[in-house]
Amino acid sequence: MPGKASAAPRAQPSDQLSAPAGAQLDAPLGTGLDGRLDAQGWTAAWSPRRPLATDDLTRGCWRQSRPDALARRYLEHSPKALLSMLVVDVDHPDTLLRAISRPLEHPEPSWVAEGVSGRGHVGWVLSAPVCRTDAARTAPLALAARVQEGLRRALDGDAGYAGLLTKNPTHESWHPYWGRARPYELGELAEGLGTLLPRSLPKHAREQSGLGRNHHLFEALRTWAYRARYRYEQREEWEQTVTAVAININTEFAVPLPQPEVGHTAQSVARWVWRNFSREGLVRIQSARGHKRAAQPSAAQARAKGAATTNRLSEPAVQDGRRRGGQASTPAQLEARRRNAAKASLARKVDRAAILGEVL
């Protein structure tokens, strides 16, 4: 097993660069002698501007500047609106062994931050961050949730990990292992998991884990909000109600999401729905639907029209006094069928005569 790499010297705050939020990372990030990811490359891929960070999880976390956060033991690995890294919490004393020996097939991690106990976090850097706001497309977010669940299964990671804070691999408290320098595309991770990639996410809230909880919360909350918006005229009351519904959905999870994450999702959905849905807009939508229904025939009329159409199609066409499967036949077709029938009749008579001759 490769030895644990010692903590790399941290760059000074003035030297720490980062990719702009939402930027796509195509080139390898590592600058180490072996071409693998290193502390400087990880810092460049780490994109939050004012991340949550702390030295002691029992005392809570708060938003800080990037230089201050990089000096903490734990920090937020992705911005609120974008998922730039996938992280798995391995609550076993052989985190590094599971990550690099890969007893179950999975893509090589970008980095591992392991504690003295052997427990740690394993991360994969994404080349294109996945949007997770109310304006996001649900398909990439659902795929990211499936990929994270597959990675968790591959490492037997903690299903209750909230996915908000990670061990800072550049901090001296942890033993870092630096892996592949080139960031991963989401589809590449999915392909690398093979059969470990879940075909779908659980439908029931209590069966959700990891990023799947975020996806379930977002989908359930926005679906409710679309229908409930027109009942509210005061924005403050609306935002409070959306937050209450989000908290209620979160209680359905076996391991609920942290309250700050639930509050952020609720705030994002409430603002977007309030801005894009209104009572006047609902009236216009319902009016348009009413006009569309009025222009369409009723169920009785549709049934009557369908029966008339069926009768017309089932009536055989008549030509030259002959019927043929509801379609007209040309004189040449009629003559060809008559000749074929005559030949078949003659053949039957010959066969019958031959059989009678053998018997007699």
Side-chain angles (χ1 to χ4, degrees), residues 19-24 46-53 60-64 66 69 75-87 126 128-149 161-166 186 201 205 208-253 255-279 281-282 285:
Q24 185 162 342
W46 181 61
S47 55
R49 297 304 183 190
R50 286 190 59 82
L52 295 169
C61 58
W62 59 95
R63 298 210 170 273
Q64 305 169 34
R66 283 179 60 86
L75 46 71
E76 190 176 18
H77 59 77
S78 297
K80 292 192 300 181
L82 297 170
L83 182 69
S84 58
M85 297 182 183
L86 293 178
V87 180
L126 299 179
V130 179
C131 183
R132 48 182 176 179
T133 67
D134 52 288
R137 294 191 298 123
T138 58
L141 187 59
L143 177 59
R146 290 168 55 206
V147 168
Q148 187 183 53
E149 175 60 18
Y161 173 55
L164 183 63
L165 300 181
T166 186
L186 200 56
L201 295 172
Q208 299 282 358
S209 64
L211 193 58
R213 293 171 297 178
N214 301 73
H215 179 260
H216 182 89
L217 172 64
F218 174 74
E219 288 294 304
L221 186 61
R222 75 177 182 88
T223 301
W224 171 85
Y226 293 162
R227 297 177 179 273
R229 164 66 181 89
Y230 74 95
R231 298 199 297 267
Y232 296 85
E233 296 182 355
Q234 300 297 323
R235 180 164 182 171
E236 183 178 359
E237 180 185 10
W238 165 249
E239 292 183 352
Q240 291 175 352
T241 304
V242 173
T243 301
V245 172
I247 294 174
N248 186 58
I249 295 173
N250 190 43
T251 60
E252 298 176 6
F253 298 130
V255 181
L257 288 166
Q259 288 301 321
E261 199 159 352
V262 175
H264 169 69
T265 300
Q267 185 182 53
S268 177
V269 171
R271 289 179 177 178
W272 191 89
V273 173
W274 181 269
R275 185 171 62 249
N276 293 277
F277 287 73
S278 64
R279 296 180 65 88
L282 180 66
I285 292 174

Sub-3.5 Å donor-acceptor pair from the side chain of R66 to the main-chain atoms of P48, do we have one? yes
Does Q148 use its side chain to pair, donor to acceptor, with the backbone of L86 at less than 3.5 Å? no
To the nearest 0.5 Å, what is the distance between [atom1] ([X]) and [atom2] ([Y])?
X	Y	atom1	atom2	answer
R229	W238	CZ	CH2	7.0 Å
C61	L164	SG	CG	6.0 Å
Q267	H264	CD	NE2	8.0 Å

Test item: L126 and L186 side chains (from C-beta on) under 4.5 Å apart, heavy atoms: yes
With side chains defined as the heavy atoms from C-beta onward, is the minimum distance between V242 and W274 less than 4.5 Å? no
Please enumerate all residues that pass side-chain hydrogen bond (donor to acceptor under 3.5 Å, both in side chains) together with [X], with sequence neighbours excluded.
X	answer
E219	R222
R63	E76
S78	S84

Taking all heavy atoms of [X] and all of [Y], pick out the closest pair and write down the distance.
X	Y	result
A225	V269	CB-CG1, 4.0 Å
L82	P129	CB-CB, 4.0 Å
T265	F218	CG2-CA, 4.3 Å
C131	L141	O-CD1, 4.3 Å

Not counting sequence neighbours, which residues clear side-chain contact (heavy atoms from CB on, under 4.5 Å) with [X]? List them please.
X	result
E237	Y232, Q234, T241
A246	L217, L221, V262, A266
E239	R235, A270, R271

Classify the ring geometry of W272 against Y226: parallel below 30°, tilted from 30° to 60°, perpendicular beyond 60°. tilted
CA sep, side-chain torsions, deciding dist, call: L52, L75, side chain to side chain contact (heavy atoms under 4.5 Å, CB included): CA-CA 6 Å; L52 295 169; L75 46 71; over 6 Å; no
